[in-house]
Amino acid sequence: MYNCSSADKQPPTPPERGLFHFWHSAGLSEQLGPDRVLLSRPVLQAALGEHHGLLLTQGGQVYSFGELLWRNLSIPASAPLLEVSLLGKMVIRVAAGGFHCGALIEHGSVYMWGENTAGQCGLTERVSEPSAVSVVDSEVVPPAVVRVVDLACGREHSLALSSQNELWAWGSGCQLGLVTNTFPVWRPQKVEHLAGRHVIQVACGAYHSLALVRSLPSQNYNTQNHPEKRERGQSPHCSVTERDELFTVDDAHYCPLGVELTEVMTDEVKIKIQEINQKNPTPTYQDDSHLNCIFSLIFDLLFCSSSGVSGQYSSSAVGLEEVQLCLEAEKTAMQGQKSSSLTNLSQKGKNAANRRRSLPGTPTHGRSGRSPRRQPCACRPSSAGRIQAAALVEAGDGLPTLETEVWSWGRGSEGQLGHGDQLARLQPLCIKSLTGEEVIKVAAGSHHSLAITAQCQVYSWGSNMCGQLGHVNSPITVPQQAKLSDGLRVWDVSAGQSHSLLLADGDCVQPILLYCGQQESVTMDYISTVCSGGQSCALLADQNVMGFISAIHELASRERHFYCWLSKGLYPSLGEPCTHLFFSLCERFVRLSALIGRHSASLSYFLHDAQGRSPLCLSIKKLMYCAQSQTNLKSCYAVCDKSVNGDVDLVALFYWPLQQLHQYSRVLLKLASCYEVLTVEYQSLHQGSCQYESLSLSMLKKKKEAETTLLFWKTHSAKNTEVLRLPKRRVVCESSNRSLTLQNAGRFSNHWFILFNDALVHTQFSTHRIYPLTCVWVKPVTEDSSGLYAIKITCPEESFTLVASTPQEKNKWLRSLNQAIDQMLGGGSQGSSPGSTAMSRTASYIFTGEGRFKDAHYTGSWLAGRVHGRGTMKWPDGRMYSGNFKNGLEDGYGECVMSNKVLNKPDTYQGHWRDGKIHGFGKYMYSSGEVYEGCFCDGQRQGYGMLSSGKLARTSSSVFIGQWVQDRKTGYGVYDDITRGEKYMGLWLDDQRHGSAVVVTQCSMYYEGTFKENKMSGSGLLMSDDDTAFYGEFSDDWTVSGKGVLSLPNGDYLDGLFSGEWSTGLKVVGTYTKPVVDEPENKERNSLRLGQYGVPADQRWGCVFDECWRRLGCDAAGKGERTTAWENIAVTITTARRHSPDLSRSQTKVLECLEFIPQHGKPVTTANYDNIRRYLIKACETPIHPVGWLVETLVTVYRMTYVGVGSNRRLLRHAVQEIYLFLFQLSSSISVLLKLKLHVKPSSSSTLFSSCIVVSCCSLLLPLLLPRLYPPLFTLYCLQEEQEEIQYWERILRLNKQPDQSLLSFLGVLTVFPGLLPQIVSSSKDACFISAVETLQQISTTFTPSDKLLVIQKTFEELTQEVKPMLDGDFLWCMDDLLPLFLYVVLRARSGSVFFVIVF
């Protein structure tokens, strides 16, 4: 059943890591030293029971030794027994109870064996060999197997921790924490009282249990009963013995059954807690730039504070007395304000994050948001399962949490539960006195308990009969801090039956082994972990191979030492008043403290698990994540050995972390020396060492700069320098020794130049001129015969020349200026050569001189001291410009907001600028509600533009679209007066209607004539909707005066003198004529007169075409270079892509295609023609392209003219003429880009007649333009032929009611095709020629005549296919046969007038 072969039968190859030492202890009176047990494999973990033990070796093998009562064997520790049943299982953790054992497999399975009388093995039968225990969650559907990551065993019970951080228990007794009265519990059950809590670690005593649990998020912080001292801002790290009265608990607070009662609180306390939680939300630790922020604040506060705090500085280092004086001055300055808290000023503009607990040494214990799921620790090996390495890992930084609580349950007769009494607890209950103490590990002995904190403090409680607690009192029912010698920092603990083992740091790097608080005088290798059980003790140690182990221990020891100093030393030294004064600085020290604590805990966990690594340095690579990550690199400090007592020099206090940055580099370099130079481990560690060394040098440099600045202010403490004193300002050099003067300065003038890290200051007597370095350009002046060593300084508003006394001084100032400017701009160059600073940069500046930019604040690009590039200019009066600049003026595309004080609303412009003025195409939104979109020239509307008047553009009272000259309507334009229901289409002059025009009204009135000074004047033609027409003289709008002819719809007409207004009635003196029968109708005579007074088509929209020529780079229509036109197109497309980052993928792809120029110089073939046609299609669909803008604008003006009131049937001729004009102008524009011949040559692979294509202007451009213009054109034609269309549809509907046979007979189709009669189905009216009917219905979806004719051609082909089976082979179509059949298809298709759709 088991193999008695021992481990020592293998070849004796003593390992260098995982050395196992074992000994027995009978108490304080009799102590035996550790004995080395020689094993051939490194031991990863040891577990001790009452009289037996387990060893987990490398490779996942398990060995047993001691009194194995379930097998009636006694195995010595020097020859442990291999558990053959577990071979091949890859065990990652072992646990030993009183008389039973447990093993955890890599994939999460549990194996148990040993004594099982109380069900502690999780099985119902006797278990002498390792047997699998099934942990199944039956609450989920379907039931799921639970993956276990940790295991602990007591005398009669066992606990398992799942990967979901839930606790499972089995065995007997109240120490299970289960809601049951039936024992034993044979199968693992979930501890429901801890459901929803994040359990980190478990430990089992003889008859009690402990669990380390993550604290709840900060929103539940008010449910935690923290000590009153913590509420007053005191440090939580004072000795527990000093606060015993705070933890004296009676039955009113805790129930023996484990039910926690609500603590009685007064209303005042409740309100206070609520206010604290609302005002001080718990901050999350974000490590970004902590180090730079901390030391920047140190330098600012301690050396260069502004005069508003203290006014003057003493020559000695800053001490607590000076801080108190600063505090008093601060309180005096704040009198009269609503808030009396000093932190309100220091926290302005920041989150008020947990002021009550944001003091050094007082880490925050709450976190915002829900706790994440348990993740593998960065220090934890993939094949090892030690509980220390299983601690919770924070998301993103790989460090364990310190926000923990300790819960206990089971028997409490010896006070081992820590609740202040000796009562048993059936359910887990939180030990309130340990909440907030940052416990990182718990250990349970037979009747006592231990807890170790991140501050290396040990708390113990329970039985103390043998002094195992390190206290005099016995028993102790609440956790008390163990009494240790000064300088000892405990980082590992274990508890046995009546003893405790502690592992601590001392004065040397090598760990110290303590027994119940007393140091053992033994010498051994570097101990990594200790273990206890019954009366036995064990430890694991490593040999210092190549100094690697000692370096790891040194790093961890220093980190723990530093955290202890941060937690205990800083806050008592400063005190609460100082922490309020230096609130921002102290807040960052709190974050630093938390990071160091978590990092030190992580290093301790790694030391426990270090021997399980193979290779070992892989864990170091992950462990030194802080050396490779910019986040943790700036947050990990070393410890200083100075003590903090009495009056403290604050300068030295805040500089302590600086002194050990070099030690980090040294330790990492020491670790790197253990590896070959070419290995990944060496490269990683060496890189971390270099980063720490660079960080140390950088901080020391900043310290030196601060000290130099302090000396400068002490030397020059005059009142005129007070305005220059800023916290972050550092002095670089100054010219008090007259090393630098102003060129052409007067004999008695006094010029003093001071170069700071952020500004160049020119002081003359009591006046200062401050030049920010971000806007200073330095240029050395070439030496000439004058012998001057000059440097030219260029600023946004002035330039001057500085003269140095010697060439060396010139080079010194030139180098200092360039380096300071480079660092201010973010370059950080240390070796900038003279004159190497960037001429082009991005910076902010406030103009102070007279001019357009007076008092304006600019942020953006600069070039050699002038605004150049993209930027934003803001004026105090509300004006703002955001866009491109050139040579100090607005130039290019930009957006401008201009305030209108009269209407108290801003004017907004979006468009192009040139030389500081609005120039080009843009959109201007006036504060009055008007919107102009069009062209500008020198700030005035010039060329094509559309003005919408009214509050909103969509509901404006009028819209004008046409030509502008010097901000006035001049030339051809269309004015739609929505309020009056009139549309004017004609010429303008100085914002007045003047010249030939056409006016249509909402009442279908049509006027055609001339205007003068905004009135109808001279000859004109007036027609009403019923075809009544007047041709004669007009004197005012709709007012007739003079000779004329009035034609009536029936053909009669009046000829004579007319007077009066058309809408109110006319006075006539003339002759009434009734024409004879043979005379032509008046309709035809009137129609011939339409258009004679209107503006000719070739004189319309010239401003639109001029703008297109301008965009193509042509001086006039048709006059321009093809190369220039393509260059302008490329610039336009590139600029649009650069200034429109939100373009979709399809839009970007189209613009990329338009950047490729089609071939236009070679003879045009079919392939070339297709490429050109595709290019034109994309160009017409892209408004950014000049051709696309022209098409879009022509569509806009066309719809503005002929939609709405313009839908007058008498405008059909004007609309058709404009389409011809558009085609001609569009073809002229394209001819500048592409030279196309009318006849396209065939490709070489085809014959001349089969592939020859005749290309014309209409065939190329009409398909691109007509679909966009078709709706208004179709509407005008429908209005013109309205009567004929009505008659057409009446006949279509009437004939369509006939069945197929009757309709075909009526049309004469059956006479020509008698064989068609048997195929007619009388019950289905549309069964005949259905494919031809469907094809003809597609004619309504086409626009160009060619496309419509193509649909008709396909219809004839469908007819031929259906009729062909009924015809002879030599049958030929004739019109007499074709027409009746086609008429049938037209009737069944129910389409509009076929002849009409073909024309348009």
Side-chain angles (χ1 to χ4, degrees), residues 17 287 290-292 294-295 377-381 397-400 491 505 508-511 526 528 542-563 565-566 592 595-611 613 615-641 656-701:
R17 292 176 286 121
D287 308 337
H290 285 342
L291 188 89
N292 288 336
I294 290 175
F295 287 109
C377 180
C379 313
R380 174 180 179 174
D397 56 12
L399 299 177
W491 54 276
D505 297 324
C508 60
V509 177
Q510 203 164 3
Y526 287 85
S528 60
D542 301 317
Q543 291 184 0
N544 187 21
V545 181
M546 298 179 63
F548 185 84
I549 298 299
S550 63
I552 290 295
H553 278 270
E554 179 183 0
L555 177 63
S557 176
R558 286 184 174 274
E559 201 77 346
R560 289 189 289 264
H561 190 183
F562 186 32
Y563 184 58
W565 170 78
L566 286 175
L592 171 67
L595 289 171
I596 295 300
R598 293 164 60 196
H599 186 227
S600 63
S602 177
L603 289 173
S604 299
Y605 294 155
F606 172 75
L607 290 177
H608 300 332
D609 238 0
Q611 65 272 18
R613 281 286 184 175
L616 187 61
C617 193
L618 292 180
S619 63
I620 300 299
K621 180 180 179 181
K622 293 184 179 180
L623 177 66
M624 297 319 296
Y625 156 80
C626 60
Q628 301 172 4
S629 170
Q630 185 70 13
T631 301
N632 287 341
L633 174 63
K634 295 183 178 181
S635 304
C636 298
Y637 290 11
V639 67
C640 182
D641 296 331
W656 279 351
L658 268 179
Q659 302 174 6
Q660 292 300 323
L661 283 176
H662 176 71
Q663 299 300 326
Y664 274 99
S665 176
R666 184 185 61 81
V667 172
L668 291 180
L669 193 60
K670 183 178 179 181
L671 290 173
S673 63
C674 301
Y675 296 91
E676 297 293 336
V677 177
L678 299 180
T679 60
V680 178
E681 292 82 359
Y682 177 87
Q683 298 295 333
S684 177
L685 293 170
H686 187 269
Q687 181 182 2
S689 174
C690 294
Q691 289 177 346
Y692 272 116
E693 188 65 24
S694 175
L695 186 61
S696 175
L697 295 176
S698 176
M699 293 297 101
L700 292 176
K701 179 183 177 182

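For this chain, numbers begin at 1 and follow the sequence in order.
- Put simply, the side chain of Leu661 reaches to within 4.5 Å of the side chain of Met699, judged on heavy atoms.
- Taken to the nearest 0.5 Å, the CH2 atom of Trp491 stands 9.5 Å off from the OG atom of Ser557.
- Checked by atom type and distance alone, the side chain of Arg598 pairs as donor or acceptor with a backbone atom of Pro400 at under 3.5 Å.
- Distance alone, capped at 3.5 Å, is enough to place a donor-acceptor pair between the Ser665 side chain and the Ser689 backbone.
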Walk me through whether Leu555 and Tyr664 qualify under side-chain contact (heavy atoms from CB on, under 4.5 Å). CA-CA 8 Å; Leu555 177 63; Tyr664 274 99; 3.9 Å; yes
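- Considering only residues two or more places apart in sequence or on other chains, Ser696 meets the side chain to side chain donor-acceptor pair (under 3.5 Å) condition with none of them.
- Using a 4.5 Å heavy-atom cutoff, the side chains of Leu685 and Leu669 are not in contact.
- The two residues Tyr526 and Ile549 come nearest to each other via the heavy atoms CB-CG2, 3.7 Å.
- The heavy-atom pair separating Leu668 from Gly688 by the smallest distance is CD1-C, 3.6 Å.
- A search for side chain to side chain contact (heavy atoms under 4.5 Å, CB included) contacts involving Thr679 returns Tyr675, Glu676, Glu681, Tyr682, not counting sequence neighbours.
- Looking at heavy atoms from C-beta onward, Glu693 lies in side-chain contact with His662 at the 4.5 angstrom threshold.
- Residues passing the side chain to side chain contact (heavy atoms under 4.5 Å, CB included) test with Glu554, sequence neighbours excluded: Val509, Arg558, Arg666, Val667, Lys670.
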